[in-house]
Amino acid sequence: MVSIPVTADVEQLAGRKARRADGDRLSKTARHQHIISQLTAAPTLRASELAAVLGVSTETIRRDLMELQEQKLINRTYGGASRPFALEPSLVDRKRLLIAEREAIAAAIGDLIQPNEVLMLGAGATTFHVARRLAATARDITVIVNDFAIAGALATNASIRILCCPGRYHATEGYVFGTQTIASINSYEANRAIVGATGVGARGINDADEEAGAVYGAMVKRAAEAIIVADHSKFEQRALTVFAQWSEIDRFVTDRAPEGALATAVREAGTELIVAPC
C-alpha cells in the first residue's frame, strides 16, 4: 500500500481535531472529498492512515469507504481503498490535473526530438502537453496524430508537418479510432511513438478504453522507438485493456521514480527510465 502524503492543510485539520463551528469533527462530506482527492495522488490508501490523518476512528473510515464504494467512486480493499477499476476522468478534467508534472514530462520529450524525425503521437491529456512543447521547440518534424486538439496545438508551428489519421470520431475525447485509424497507422513508419496511458503497472501499460488502447498498441508496433509518458498518478492503476508490455517500450518518461513491482518490471525489461521532476 502507498502511504498518504499529509498536506499542510490536512495536518492543520488533524491537529485541531478537524473541528467545525458546531463543535463536531470533520463532516462526512469533507472526509469523502479528502479520500477521493488522495486517490488522485496514490493508487491505494490504508484505512488506518486515513483515520489518523482525519482524526476519526477506523470504524468511521470503514463506513465512509463502504458508502463511497456503493457510489462507485472507489474500490474497497483489504485494509483500505483503491481507485475504481477501468475508470478515468473526462479529458476536460484530466487537462486540469497535474499540469506541472505533465509539463515537466513534455519538456523531457522535447529534449529528445531531433529535426526531420517522424513521430506518432497518441491522444490524451499528457500527450497534449507534449504537443504544445513540440510546437514551441521542435523544427522540421512530421507528426502522425489521431487527436484533433493535438493537431491544432502542433499547427501553431509552421515547420511541423501534421498527418491526421481517419476513423470514427470519439465526441467526448476528441480522437478518432477504429479499423480505418489502425490501417492508416500501419501504413506508416516512424522514428518514435509517444503515447500515454490510463495506468502503468508491472503487468504492462493499459487504457480504460479498448479502442484507444488498440490505436496506441498499433503506434508502439510501427515505430523504431516506443515511449510511454505517464505521471505518478498512473502508477499501478489498473484498466480494461493492456496494449503493450514493458519489453515493447524503449523509454518511460514520468515525473517520479516508480517503486516496488513496477520499478522491477521496468528495469528487467530494459526500458530506459527518464524522471523529469517538476
Side-chain angles (χ1 to χ4, degrees), residues 88-167 169-177 181 184-185 187-198 200 205 207 209 212 215-216 218-220 222-234 249-255 272 274-278:
E88 191 172 46
S90 69
L91 180 62
V92 172
D93 290 336
R94 297 200 306 275
K95 283 184 176 179
R96 296 171 180 165
L97 299 172
L98 301 164
I99 292 174
E101 289 83 351
R102 286 168 171 161
E103 287 181 345
I105 291 169
I109 290 293
D111 292 341
L112 297 174
I113 306 306
Q114 302 298 316
N116 301 313
E117 287 193 349
V118 176
L119 310 179
M120 290 183 176
L121 187 57
T126 304
T127 48
F128 178 75
H129 283 277
V130 171
R132 295 203 305 178
R133 184 71 179 192
L134 292 176
T137 62
R139 293 292 179 272
D140 301 318
I141 62 173
T142 297
V143 187
I144 301 160
V145 301
N146 71 316
D147 183 304
F148 293 127
I150 285 175
L154 292 167
T156 61
N157 183 332
S159 78
I160 297 178
R161 182 187 183 201
I162 304 163
L163 302 178
C164 295
C165 296
Y169 183 65
H170 193 303
T172 57
E173 291 289 308
Y175 62 73
V176 295
F177 64 94
T181 309
S184 177
I185 290 167
S187 71
Y188 295 114
E189 296 282 354
N191 298 100
R192 310 176 202 259
I194 304 165
V195 299
T198 297
V200 291
I205 302 92
D207 200 89
D209 187 327
V215 172
Y216 304 155
M219 288 182 170
V220 164
R222 295 303 297 179
E225 178 179 279
I227 303 174
I228 293 295
V229 290
D231 63 74
H232 68 275
S233 71
K234 307 296 182 70
I249 305 303
D250 298 283
R251 286 177 169 149
F252 174 28
V253 184
T254 185
D255 64 302
E272 179 185 354
I274 299 177
V275 179
C278 56

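Along the sequence shown, residues carry numbers from 1. The analysis underlying the following values was restricted to heavy atoms, covering all of them including side chains, and did not include hydrogens, waters or symmetry mates.
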For [X], what residues pass the side chain to side chain contact (heavy atoms under 4.5 Å, CB included) criterion, not counting sequence neighbours?
{"X": "Asp140", "result": "Asn116, Ser159"}
{"X": "Thr142", "result": "Val118, Arg161, Leu163"}
{"X": "Ala230", "result": "Val200, Ile228, Lys234, Phe252"}
{"X": "Ala226", "result": "Val220, Ile249, Asp250"}

Side-chain H-bond candidate by donor/acceptor type, His170 with Thr172, under 3.5 Å: yes
Non-neighbouring partners of Tyr169 that pass ring pair (Phe, Tyr, Trp, His ring centres under 6.0 Å), sequence neighbours left out: Phe148
Exercise: identify the closest heavy-atom pair between Ser233 and Leu98: OG-CD1, 3.4 Å
Atom of Phe128, atom of Ala149 and distance for their closest heavy-atom approach: CE1-O, 3.7 Å
Using the side-chain hydrogen bond (donor to acceptor under 3.5 Å, both in side chains) criterion, which residues pair with [X]? Sequence neighbours excluded.
{"X": "Glu103", "answer": "none"}
{"X": "Gln114", "answer": "none"}
{"X": "Thr126", "answer": "Arg102"}

Selection residues 98-120 - residue pairs positive for ring pair (Phe, Tyr, Trp, His ring centres under 6.0 Å), sequence neighbours left out: none
All pairs passing ring pair (Phe, Tyr, Trp, His ring centres under 6.0 Å) where residues 102-124 contributes a residue, at least two apart: none
Pairing residues for Arg192 by the salt bridge (Lys or Arg N to Asp or Glu O under 4.0 Å) criterion, not counting sequence neighbours: Glu117, Glu225
N/O donor-acceptor pair under 3.5 Å between Thr181 side chain and Cys165 backbone: no
Backbone N/O of Glu101 and side chain of Asp231: donor-acceptor pair under 3.5 Å: no
